[in-house]
Visitor: 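Just passing along the structure, written as structure tokens.
Only heavy atoms go into these numbers, but all of them, side chains included; no hydrogens, no water, no symmetry mates. Chain naming here is simple, since letters A, B, ... match the order of the sequence lines and numbering starts at 1 in each.
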There are 2 protein chains.
Amino acid sequence: MNIYDVSHKAGVSIATVSRVLNGNPNVSPKTRQKVLDVMQELGYTPNVFARGLGLNTMKTIGILCLDSSDPFLANAVYYLEQNLRKYGYDIILCCTGYDLKNKQKYLDLLLSKRVDAVILVGSSFLEPQRKDNTYLFQAAASVPVIIINGYINHPNIYCALCDDAQAVFDATTKLIENGRTNILYLYHSKSYSGQQKLSGYKEAILSAGLKLDENLMLLCKNDMHQTKEAITEAAANGVKFDAVIAAEDLLAVGAIKYAKQAGLKIPKDLAVIGYNNSLLSSCCEPELTTIDNHIETISITAVNTLMRVFSGNDVPNRTTISNDLVERGTTDFAKNEI
Amino acid sequence: MNIYDVSHKAGVSIATVSRVLNGNPNVSPKTRQKVLDVMQELGYTPNVFARGLGLNTMKTIGILCLDSSDPFLANAVYYLEQNLRKYGYDIILCCTGYDLKNKQKYLDLLLSKRVDAVILVGSSFLEPQRKDNTYLFQAAASVPVIIINGYINHPNIYCALCDDAQAVFDATTKLIENGRTNILYLYHSKSYSGQQKLSGYKEAILSAGLKLDENLMLLCKNDMHQTKEAITEAAANGVKFDAVIAAEDLLAVGAIKYAKQAGLKIPKDLAVIGYNNSLLSSCCEPELTTIDNHIETISITAVNTLMRVFSGNDVPNRTTISNDLVERGTTDFAKNEI
DNA sequence: AATCATTTTGTAAGTGCTTTCAAATTTTAC
DNA sequence: GTAAAATTTGAAAGCACTTACAAAATGATT
């Protein structure tokens with residue numbers, strides 16, 4: 001079953017069938033309808049490979065993601081898929097893990113599959129050393145590259161992100177205004193957005209005239225129980241704190257578990273703020289105050305950006321999305337609502 | 001840059017290059033190495049479309065999933081991706097939502113992309129009426145179809161699943177032996193596995209000589225807060241219960257929230273058991289006792305099954321994976337450990 | 001009705017690979 | 001050293017589509 005069968009049955013040439021297939025306007029309405037009817041009747045589907053050979057595109061976007069089982073990343077992948085599909089694009093999903101070699105390998109693989117663009121979910125695809133990002137630059141030489149939650153300056157790399165530094169700055173400042181003076185910061189990644197968040201924390205501390213304390217910046221594993229243990233150990237070593245702000249909801253849950261174990265009341269003895277507003281944040285007890293970085297909006301923006309790039313428009317390399325603090329049970333900010 | 005460039009530079013024919021590309025053994029070691037060297041030097045990557053045209057396969061598996069942002073389904077997708085990649089397969093991910101029309105549409109789309117197989121993540125792809133599954137049978141006519149957590153009898157449809165009925169039966173029975181007599185069952189889906197779980201619950205109640213009470217089987221929305229409300233309403237209507245067993249961890253979290261609101265102590269006043277052993281289960285307070293259906297093992301089994309089908313082996317149509325009860329803080333079973 | 005412009009259609013040459021079959025080369029056996 | 005067998009190689013015909021270009025059909029203009 002191929003284009004010849006359709007052309008025979010419709011009594012036209014394969015060129016005409018192909019034109020109908022591709023929405024070419026140079027086909028008279030009569031013939032177009034006739035061809036469409038035959039296609040319908042025969043249940044004809046064009047062969048994507050032959051099509052790809054001619055067009056050199058398959059309307060497919062490659063998505064690179066550290067680990068699609070992480071609730072936050074899974075959300076991003078979901079929103080990307082839904083929105084790309086609206087424009088008729090499929091996604092090929094690759095979960096790379098943290099290893100740089102693997103990231104490179106999968107990126108090459110996507111390019112060899114002739115994807116039309118690559119979307120990187122998570123700033124951990126940006127290596128700290130700029131020279132280690134050459135693999136991205138190479139990819140960007142052949143297709144547009146979109147980074148979710150990261151920023152790097154390059155003509156064919158487009159970034160959609162939340163101002164993480166500002167978000168953490170605001171939240172930290174709010175804790176300080178709330179009377180908290182020893183704020184423990186939990187993070188597990190030194191990725192671009194990880195650094196942004198950390199710098200937001202530091203800025204807030206310094207702006208408030210407080211002193212930065214290295215002991216209050218705790219590098220954790222991405223696991224709630226291990227995070228609990230890490231905090232327990234820090235506390236045992238004499239680190240004092242009356243609030244926690246975490247770079248991920250998961251870490252914040254670890255802090256809640258620590259408080260429970262240490263017999264601390266939340267939020268009275270310990271205030272906790274998470275990040276991402278994931279499912280976890282409304283699952284724990286008390287429910288978690290968290291920064292919502294609007295991942296759905298970021299994903300939609302990324303897709304829209306890509307579509308504009310495809311249509312040859314000039315597109316800014318960076319789009320920043322707003323964020324907000326979702327207040328739940330782990331903080332007791334005065335209600336200053338108007 | 002194509003196969004001709006390589007063949008010229010290596011001084012061989014394109015047929016030889018193609019053989020090297022496909023690991024055909026009928027190439028002398030010398031020429032093979034020469035060709036490989038040239039490929040390396042030129043940075044040659046074969047064009048997947050041309051390749052697909054000839055081979056009519058692209059080493060790509062289509063994955064159909066209701067909603068990849070659901071923690072449980074996201075996990076399954078992740079494990080599938082990781083294991084398929086070991087065999088050199090890519091995945092195209094489609095999130096369909098509940099609408100049957102959409103499921104059909106995406107399945108057609110995957111077939112038109114000439115995927116080598118389709119994996120359906122979740123038994124919600126099995127419609128209650130057998131005739132509504134013709135779309136699956138049609139797909140199965142052209143490629144192998146794998147269903148995760150569902151079962152239907154068809155020669156080209158392979159199923160990897162946990163014995164959900166048995167799992168719920170065992171857990172319910174354990175609650176009864178623990179002295180609980182009014183067990184509330186929460187579910188949100190009437191999919192194949194949903195029905196299995198429900199039947200396991202019913203069997204357990206009846207086997208124990210208790211009476212089935214329709215009021216104790218609560219159909220909820222897939223949302224923890226709405227579940228809490230649903231339970232609250234049931235309680236207000238006079239439904240009494242001293243234990244909850246839920247078809248999903250998310251619903252169980254709703255039950256924990258209800259207990260908190262109603263001032264009930266867990267597990268003393270109310271025991272709770274969830275399903276899936278997802279991240280949520282160790283996130284809530286107390287941590288959730290839950291049925292682990294070993295989704296990683298199921299996913300690996302599904303992939304292995306598929307590979308065996310590809311290699312033309314005879315493969316059983318159904319593989320059942322064991323499950324176990326992970327006891328955490330929401331139950332107080334006597335510790336009968338040996 | 002004849003000419004020209006415009007729209008519509010068809011022919012044929014790619015697109016980059018796989019694979020069959022025959023030819024060339026190498027190995028083995030005597 | 002030669003014939004037969006086995007291995008290695010290449011020429012050429014697909015695979016199912018796109019698209020440039022030429023040809024045909026239609027419509028407009030006088």
Side-chain angles (χ1 to χ4, degrees), chain A residues 1-39 42-60 88 90 108-109 111-116 142, chain B residues 1-39 42-60 88 90 108-109 111-116 142-143 310:
Chain A
M1 158 76 68
N2 57 25
I3 202 169
Y4 288 92
D5 299 327
V6 177
S7 76
H8 284 156
K9 183 130 190 165
V12 298
S13 73
I14 59 163
T16 301
V17 177
S18 175
R19 286 194 192 95
V20 172
L21 231 39
N22 294 293
N24 186 315
N26 296 333
V27 181
S28 73
K30 251 188 305 179
T31 18
R32 156 162 287 119
Q33 194 53 53
K34 191 169 51 184
V35 171
L36 286 175
D37 288 348
V38 171
M39 283 179 177
L42 264 51
Y44 166 77
T45 337
N47 180 305
V48 277
F49 301 131
R51 213 146 184 220
L53 239 197
L55 297 169
N56 209 37
T57 163
M58 210 173 61
K59 294 268 269 180
T60 301
D90 284 324
D108 285 345
L109 189 147
L111 294 179
S112 80
K113 291 258 173 176
R114 300 291 199 278
V115 294
D116 301 300
S142 50
Chain B
M1 158 77 67
N2 58 24
I3 202 170
Y4 288 91
D5 299 326
V6 177
S7 78
H8 285 156
K9 183 130 188 166
V12 297
S13 73
I14 59 163
T16 302
V17 178
S18 175
R19 287 194 191 95
V20 172
L21 231 39
N22 294 293
N24 185 314
N26 297 333
V27 181
S28 72
K30 253 188 306 183
T31 16
R32 159 162 285 122
Q33 194 53 53
K34 190 169 55 187
V35 171
L36 287 174
D37 288 348
V38 171
M39 284 179 176
L42 263 51
Y44 165 78
T45 338
N47 180 306
V48 277
F49 301 131
R51 225 155 173 209
L53 239 197
L55 297 170
N56 207 38
T57 164
M58 210 173 62
K59 294 269 271 179
T60 301
D90 285 325
D108 285 345
L109 189 147
L111 293 179
S112 80
K113 290 258 173 176
R114 302 290 200 275
V115 293
D116 301 300
S142 51
V143 298
F310 283 155

Visitor: Can you find a side chain N or O atom of B:Asn2 that sits less than 4.0 Å from OP1 or OP2 on C:dG16?
Guide: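 For B:Asn2, the contact criterion (side-chain N or O under 4.0 Å from OP1 or OP2 of C:dG16) is met.
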Visitor: Using whole Å, what does the distance between atom P of nucleotide C:dT7 and atom CZ of A:Arg32 come to?
Guide: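 Computing the A:Arg32:CZ to C:dT7:P distance gives 15 Å.
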Visitor: Between B:Leu21 (CG) and C:dT19 (P), how many Å, whole number?
Guide: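 The distance from CG of B:Leu21 to P of C:dT19 comes to 11 Å, rounded to the nearest Å.
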Visitor: Can you tell which of D:dA16, C:dT11, C:dT18 lies closest to the side chain of B:Ile3?
Guide: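 Shortest atom-to-atom distance from the side chain points to C:dT18.
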Visitor: How long is the line joining CG of B:Leu53 and P of C:dG14, in whole Å?
Guide: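 So the two atoms are 17 Å apart, to the nearest Å.
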Visitor: For a quick test of reading the model: is some side-chain N or O of A:Ser13 closer than 4.0 Å to OP1 or OP2 of C:dT9?
Guide: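 For C:dT9, neither OP1 nor OP2 has a side-chain N or O of A:Ser13 closer than 4.0 Å.
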Visitor: Within the 4.0 Å heavy-atom criterion, would you say B:Asn26 contacts the bases, only the backbone, or no part of the nucleic acid?
Guide: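 It contacts base atoms.
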Visitor: So, do A:Tyr44 and A:Asp5 sit near enough that their side-chain heavy atoms are less than 4.5 Å apart?
Guide: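 Of all side-chain heavy-atom pairs linking A:Asp5 with A:Tyr44, none is under 4.5 Å.
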Visitor: Enter the distance from A:Lys9:NZ to A:Lys34:NZ here, rounded to the nearest 0.5 Å.
Guide: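 NZ of A:Lys34 is found 13.5 Å from NZ of A:Lys9.
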Visitor: Return the value, rounded to whole Å, for the distance between atom CG of A:Leu55 and atom P of C:dG14.
Guide: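 One finds 18 Å between P of C:dG14 and CG of A:Leu55, rounded.
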Visitor: State, with a plain yes or no, whether a side-chain heavy atom of B:Met39 is found less than 4.5 Å away from one of B:Leu21.
Guide: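 B:Met39 vs B:Leu21: side chains touch.
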Visitor: Closest to the A:Ala15 side chain: C:dT9, D:dA20, D:dA16?
Guide: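 In terms of side-chain proximity for A:Ala15, the closest of C:dT9, D:dA20, D:dA16 is D:dA20.
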Visitor: Send over the distance from B:Asn24 CG to D:dG10 C1', rounded to a whole Å.
Guide: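 Result: 14 Å.
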Visitor: Distance check: side-chain N/O of A:Ser28 vs OP1/OP2 of C:dT7, anything under 4.0 Å?
Guide: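 Answer no for this pair, as no side-chain N or O of A:Ser28 is under 4.0 Å from OP1 or OP2.
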Visitor: Rounded to the nearest Å, what distance is computed from the CE atom of residue A:Met1 to the C1' atom of nucleotide D:dC17?
Guide: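 Checked: the CE to C1' distance equals 15 Å.
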Visitor: Are any of B:Thr16's side-chain N or O atoms less than 4.0 Å away from OP1 or OP2 of D:dT8?
Guide: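 No, outside the criterion.
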Visitor: Quick one: are A:Asn2 and A:Asn47 in side-chain contact, heavy atoms under 4.5 Å?
Guide: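 No; the side chains remain at least 4.5 Å from each other.
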Visitor: Of A:Pro25 and A:Tyr4, whose closest DNA chain C nucleotide lies nearer the 5' terminus?
Guide: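 Whichever sits nearer the 5' end wins; that is A:Pro25.
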Visitor: Using only side-chain N and O atoms of A:Arg19, determine if any of them is under 4.0 Å from OP1 or OP2 of C:dT9.
Guide: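 Indeed not, no polar side-chain atom of A:Arg19 lies that close.
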Visitor: Kindly point out which of C:dG16, C:dT9, C:dT18 is positioned nearest to the side chain of B:Ile14?
Guide: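 The answer is C:dT18.
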Visitor: Does a salt bridge link B:Lys59 with B:Asp90, judged by any charged N lying under 4.0 Å from a carboxylate O?
Guide: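 Result for this pair is no, no salt bridge flagged.
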Visitor: May I have the distance from B:Met58 (atom CE) to D:dA16 (atom C1'), rounded to whole angstrom?
Guide: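 Roughly 16 Å, once rounded to whole Å.
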Visitor: Scan B:Val17 against the nucleic acid and name what it touches under 4.0 Å (heavy atoms): base, sugar-phosphate only, or nothing.
Guide: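 Contact class for B:Val17: none.
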Visitor: How many whole angstroms separate atom CG of B:Asn47 from atom P of D:dT18?
Guide: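 These atoms are roughly 15 Å apart.
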Visitor: Is there a side-chain polar atom (N or O) of B:Ser18 under 4.0 Å from OP1 or OP2 of C:dT18?
Guide: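 It does, given that an N or O in the side chain of B:Ser18 lies less than 4.0 Å from OP1 or OP2 of C:dT18.
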Visitor: Reckon A:Asn22 touches a base, only the sugar-phosphate, or nothing at all at heavy-atom distances under 4.0 Å?
Guide: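 Sugar-phosphate: the residue A:Asn22, judged by heavy atoms under 4.0 Å, touches backbone atoms but no base.
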Visitor: Under a 4.5 Å cut-off applied to non-hydrogen side-chain atoms, are A:Val35 and A:Arg32 in contact?
Guide: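 A side-chain contact under 4.5 Å is absent here.
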